[in-house]
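Numbering of ligands and ligand atoms starts at 1, following listing order. These values consider heavy atoms only, across backbone and side chains, with no hydrogens, waters or symmetry-generated copies.
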Amino acid sequence: MTTTETTVFETLESNVRGYCRSWPTVFATARGARLTDEDGKEYLDFFAGAGALNYGHNNPVLKRALIDYLVGDGLTHGLDMSTVAKRALLETMGELVFEPRGLDYKVQFPGPTGANAVEAALKLARKVTGRTTVLNFTNAFHGMSLGALSVTGNAAKRAGAGVPLVHAMPMPYDGYFGVADDLVWMRRALDDSSSGVDRPAAVIVETVQGEGGVNVARAEWLRQLATLCADRGILLIVDDVQMGCGRTGPFFSFEVAGITPDIVTLSKSIGGYGLPMALVLMKRELDQWTPGEHNGTFRGNNAAFVTAEAALRHYWSDDRLVAATLAKGERVRASLTALVDHFGGMSTRGRGLVHGLVFDDASQAAKVARVAFELGLLVETSGSDDEVVKLLPPLTITDDELTLGLDLLAQAVDSVRHGH
Ligand code: PMP
């Protein structure tokens, strides 16, 4: 018997609401990889706030740091004033993220969303190079504001802009044509003065396209892309909003390729606790901003700085999280491969702890996600036709929870295939 009351969402909340339609219940509490609705039904979370909850819901270590900070009347809102929370975060970023990786980045605090970070990165690239065009990739997703939409692939999302989206040009992502060297067109277009492609300020890329359907770029392709950019004085922006903070194993998703992007965007899990926060990392010489040139009221979410710092200290002082993520990822891969072999009509791809189950019949993905929800598992779909069930569990999920979630997913696939 359900007591769930949803009228107010239907009468007062805008039609733009989305996830609540996929998951028609009212959630009340959450801990780690589990959410509980107001009727006491539990759900296992293979969604993790679209990548904002890599360390799980209400992570006790981060919660302790946050509570202590709030009880001590630490600043909550601080614009870009210097605060003890921000100092601690910057020091820890330097010590645990930049120094061990030999990165000489400076840190910009834009507004707190991924799109805010992308806008700042595009703006900086144009300012530094004096050029206007940015190259993006097929199936890319970078956010909903105009600049971010201009480098996003999805036609329906782009249409929402209501104005022409300009000064960007899409290039084929790795695997788009299914041939060995998908950078052929890009290289040719850049080097042929009659190709009609203007010399770009920057290239913006996701190493794994999360929203685009869990498309995984090969390390070799990323290296070639980095070289191609460096040789031509084009800035390389890696959008690590969804794949950063350990989602693919290492802290940054580009580490496997051994490349150093000129600019990196981070958001989602960098705040640690699901609190809004974003960063733009830029090579030192690119920090050509003048004071206040790019600003915003909510650049100083100090509560997020506290949980971000606590997350870095707790999870990134050693390699344990990386090893655990890769091990869990292998289990997911093995389980999905077994599903594909057993049922057919699908394939799987992924890296670290982000995996996709790709359905030949796109409509089955949404059905599987729907049945999974009824069974108590939250998964979302992605890809241009929503043909991919995307698995994004918290990195801190326990082995038992991972097993349970994979079992529920297998049950959902079985149910959709056999109509029961
Ligand atoms: N970049 C990437 C790669 C993303 O996955 C997202 C969000 N899904 C964004 C940017 C936009 O982030 P936000 O929704 O916080 O604006």
[X] N/O to ligand 1 N/O under 3.5 Å:
| X | result |
| --- | --- |
| Val118 | no |
| Glu206 | no |
| Lys268 | yes |
| Gly143 | no |

field: Charged N-O contact under 4.0 Å between Lys127 and Glu293
entry: yes

- prompt: Salt bridge check: are Arg232 and Asp191 linked by an N-O gap of less than 4.0 Å?
  reply: yes

Specify the protein heavy atom at minimum distance from [atom]: its residue, its atom name, and the distance to 0.1 Å.
| atom | result |
| --- | --- |
| atom 16 (O) of ligand 1 | Ala115 N, 2.8 Å |
| atom 12 (O) of ligand 1 | Gly114 CA, 3.3 Å |
| atom 1 (N) of ligand 1 | Asp239 OD2, 2.6 Å |
| atom 5 (O) of ligand 1 | Gln242 NE2, 2.8 Å |

field: 4.0 Å protein heavy-atom contact status of atom 14 (O) of ligand 1, strictly under
entry: no

message: Could you work out, for atom 10 (C) of ligand 1, the closest of Met243, His142, Glu211, Gln209 by heavy-atom distance?
response: His142

- prompt: Rounded to the nearest 0.5 Å, how far apart are CG of Leu236 and CG of Leu222?
  reply: 8.5 Å

- request: Measure Thr113 to ligand 1 on non-hydrogen atoms and call it side chain, backbone, both or neither using the 4.0 Å cut-off.
  value: both

query: By number and element, which atoms of ligand 1 are closer than 4.0 Å to a non-hydrogen atom of Phe141?
result: 1 (N), 2 (C), 3 (C), 4 (C), 6 (C), 7 (C), 8 (N), 9 (C)

field: Residue pair Asp45, His57: steps toward the side chain to side chain donor-acceptor pair (under 3.5 Å) verdict
entry: CA-CA 9 Å; Asp45 190 356; His57 295 264; 2.7 Å; yes

- prompt: Angle class for the Tyr19/Phe47 ring planes (parallel below 30°, perpendicular above 60°, tilted otherwise)?
  reply: tilted

field: Geometric class of the Phe373/Tyr43 ring pair [parallel <30°, tilted 30-60°, perpendicular >60°]
entry: parallel

query: Between Leu408 and Gly376, what is the shortest heavy-atom contact and its length?
result: CD1-O, 4.0 Å

message: Is it true that Thr36 and Arg31 share a donor-acceptor pair across their side chains at a distance under 3.5 Å?
response: no

